[in-house]
Every structure is written in structure tokens, then in C-alpha cells.
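A short worksheet on the structure shown next.
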Number of protein chains: 2
Amino acid sequence: MSSTHTHSKKSQSLTKNQRIVLDLLQNSGEPLKAYFILDSLKKEGLNSPLQVYRALDKLVELGKIHKIESINSFIICNNSNCASNTAFTICERCGKVKEIKNKYLTDGVSDLVKDNKLEITRYNLEFYVLCKSCKIN
Amino acid sequence: MSSTHTHSKKSQSLTKNQRIVLDLLQNSGEPLKAYFILDSLKKEGLNSPLQVYRALDKLVELGKIHKIESINSFIICNNSNCASNTAFTICERCGKVKEIKNKYLTDGVSDLVKDNKLEITRYNLEFYVLCKSCKIN
DNA sequence: CCTCTAAGTGTTATATTATTACATACGTGA
DNA sequence: TCACGTATGTAATAATATAACACTTAGAGG
Ligand SMILES: [Zn+2]
Ligand SMILES: [Zn+2]
Ligand SMILES: [Zn+2]
Ligand SMILES: [Zn+2]
């Protein structure tokens, strides 16, 4: 390490807007909506929807967050390596969202996809459930 | 036909708005957006977004159409029995959408779900692909 | 250091998607 | 007939997302 070449600086560094949006999602752990993010980060200097959407787009592209399509929300990736392949459970009662990191499920889906000759570039799987605490009550 | 009894009318009969929206989706076969539907059916008497959304909601509930979440569009169900469990491929290049009716895939997903002790009430799977004609060109 | 370029920023305005609220109509069953 | 559930029509508004344009910054390479 610490060799002469200075490359790959870019790949590690997020811009200020990207960073504060990522931090908020990280600290929240929950899915957040773009305009909620905007409101939350007004004090940090974010003024317009576009600033939020641009940061979100980039973070999605980098695989650091995911968009949950059916609720128009964004959540931190807790999986670190799912690229653009995502799977979530969403509680139909309380709205709680969990990223599925069960290897067997995601591998299984990949296998099914291969077996069925679907050439998938990426996928988004949203499973609606009744979560444990909602099941009890 | 035209017998005396009038029962079970309700279960078969859609209202006028529901019918014209369903017919449009049926004839199209493609995913359509709510406001496109509205524009298309102005001449049939639809005047407001709400009329469209109400019809769409009902048709989704009846399982006659599906919403494709990642493109905010609605498409006729070509499967007739998928209830609220849906699976689609979406071409990333041309946007073409196909409902997956491959029994092995959907059964496989169900099995995976069972094996992984996920109590799913329904699911929505969106697979992004490069479709055949886009692959060639 | 200088210049070029890709990426990001800030801002305003606008487009697109969806719901709230409220008054009215209509069919079914008690 | 009355109550009830469902659908309707309409206006207003909320929520989500993008277009357009001028400007800035950071890194690559000479
Ligand atoms: Zn992830
Ligand atoms: Zn729950
Ligand atoms: Zn279907
Ligand atoms: Zn295609």
C-alpha cells in the first residue's frame, strides 16, 4: 500500500451531498422518502428535491442504498454486496421493511432464473408479509 | 340466458368505469400509465384521475390487472390465476414488459419462500432483462 | 502551473403520479 | 321503505420526480 500511484481516490470519496444523504439513511436504518430526507437535511444545506434525488441516484448506482419501488422509499443496503439485486420483505400491517440477506433465497432465485433461461441483468423482489410483532398482536 | 333469476350479477359485472379501463388494458396488452388511460378514455366519459385510479384499484383487487411498481404502470393479467403474486420481466433497453407465467419459476419462488420460513401474503417480482430483439440489435 | 473535462451543485420551474374531501346516485337486502 | 355498502362526479391538493440552465469543483495530463 501507499505506493506512488494516487488513483482510486475518486472511488472512495462521496461528495458532501451524497455523504449526508447516505449518513441519514445509515443512521435511520429504515426506508426514507425523498422529501423526508430533504426536510431532514435542510439544516445541512439541502434546499431542493433535485439535490436529494441526485444524491440518491448516485448512491443507488453505487449499490450503497436501494430503492423500494412499491413504497417510493430508499434504504441503506445492509448486505454490502447485492449490487443491483435486491429482495425485501414489507409488512403489510406496520410497513416495516427488511432486506433479505438469506443466501439460500437469493441464490435460489438466481438459480431459478438461470434454469429458466432468463437473462437477468438485475432484479427487485418485494415480498409482502405479516411481521412477527404484527402477527402476535 | 335472460332467465328470471337475477342473482350473482354482482360477481360477474364490472361497473362501466371498471369495464372501460379493463377493456383498454386488455386491448393494449402493454403496461399503461394512469394518466394515459385517462386521456384515452376522455371520450368514454372519464374526466378525472380519481375515476381512473378507483377503477384500477378495484381491478387490481380483483386480480384482473397488475401494477408494475417500478414503472408506475398497469397491465392486464395474462395468467388468470396469479392472485396478488406477480412476476414480470422488464427490458432495460426498450421497456417491454412480460408477465412470467413459467410455472417452474413461480413454484420455485413459492418453495424458496416456504423453505425459508417467510410467511408471505403476496409478492411482486420485477426482473430486468435485455429482451430478445434488443439483444440482437 | 494551465487547461480540459467529467461530475457535481444550486436554483427555478414544471411534470408526473396519487389522494383527500365532499356531495350525490344506485342497488341490495332487511 | 330504509339503511347500507359501493360507486360516481368533481374540485382541490398532495406527493413524487424531472427538465433546463448557469455555474463550480476536482482530477488527469501536458
Ligand atoms: Zn443490499
Ligand atoms: Zn408488522
Ligand atoms: Zn397475472
Ligand atoms: Zn428490449
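What's counted below: heavy atoms across the whole structure, side chains too, no hydrogens, waters or symmetry copies.
For the pair Leu14(A) CG and dT25(D) C1', the computed distance is 16 Å after rounding to whole Å. The separation between Ile37(A) atom CD1 and dA15(D) atom P is 16 Å, rounded to whole Å. Atom P of nucleotide dT24(D) and atom CG of Asn17(A) are separated by 16 Å, given to the nearest angstrom. As rounded to whole Å, 12 Å separates atom P of dG10(C) from atom CG of Leu38(A). Between the NZ atom of Lys16(A) and the C1' atom of dA26(D) there is a distance of 17 Å, given to the nearest Å. Between the CD atom of Glu69(B) and the C1' atom of dA18(C) there is a distance of 12 Å, rounded to whole Å. When rounded to the nearest whole Å, the span between CG of Leu59(A) and P of dG8(C) equals 10 Å. Rounded to an integer number of Å, the gap from CD1 of Ile71(B) to C1' of dA17(D) is 16 Å.
One finds a side-chain N or O of Lys33(B) lying less than 4.0 angstrom from the OP1 or OP2 phosphate oxygen of dT17(C). Between dA7(C) and Lys58(A), no contact under 4.0 Å exists linking OP1 or OP2 to a side-chain N or O. Under 4.0 angstrom from either OP1 or OP2 of dG9(D) there lies at least one side-chain N or O belonging to Gln51(B). Between dA18(C) and Asn72(A), no contact under 4.0 Å exists linking OP1 or OP2 to a side-chain N or O. Checking the phosphate oxygens (OP1, OP2) of dT10(D), a side-chain nitrogen or oxygen of Asn47(B) falls inside 4.0 Å. Listed pair Thr15(A) / dT25(D) fails the phosphate criterion, with no side-chain N or O lying under 4.0 Å from OP1 or OP2.
With distances taken from any side-chain atom of Lys67(A) to the nucleotides dA17(D), dT10(D), dA20(D), the minimum falls on dA17(D). Closest to the Tyr53(B) side chain, of the nucleotides dT19(C), dA21(C), dA20(D), is dT19(C). When distances are taken from the side chain of Phe74(A) to each of dG9(D), dA17(D), dA18(C), the shortest belongs to dA17(D).
Taking only distance into account, the side chain of Tyr35(A) meets the base of dA17(D) through a donor-acceptor pair shorter than 3.5 Å.
A heavy-atom distance below 4.5 Å is found between the side chains of Ile68(B) and Phe88(B). Counting heavy atoms from C-beta outward, Val97(B) and Ile71(B) have side chains that approach closer than 4.5 Å.
A residue-by-residue look at Pro49(B) and Asp57(A) shows that Pro49(B) has its nearest nucleotide of DNA chain D further toward the 5' end. Where Gln18(B) and Leu50(B) meet DNA chain D, the nucleotide closest to each residue was compared, and Gln18(B) sits on the side nearer the 5' end.
Glu44(B) has no carboxylate O lying under 4.0 Å from a charged side-chain N of Lys16(B), or vice versa, which leaves the two without a salt bridge.
Residue Asn79(A) comes nearest to Ile100(A) through the heavy atom pair ND2-O, 3.8 Å, listed as atom of the first residue, atom of the second, then distance.
In summary, the side chains of Tyr128(B) and Ser70(B) do present a donor paired with an acceptor at a separation below 3.5 Å, with no hydrogens or angles considered.
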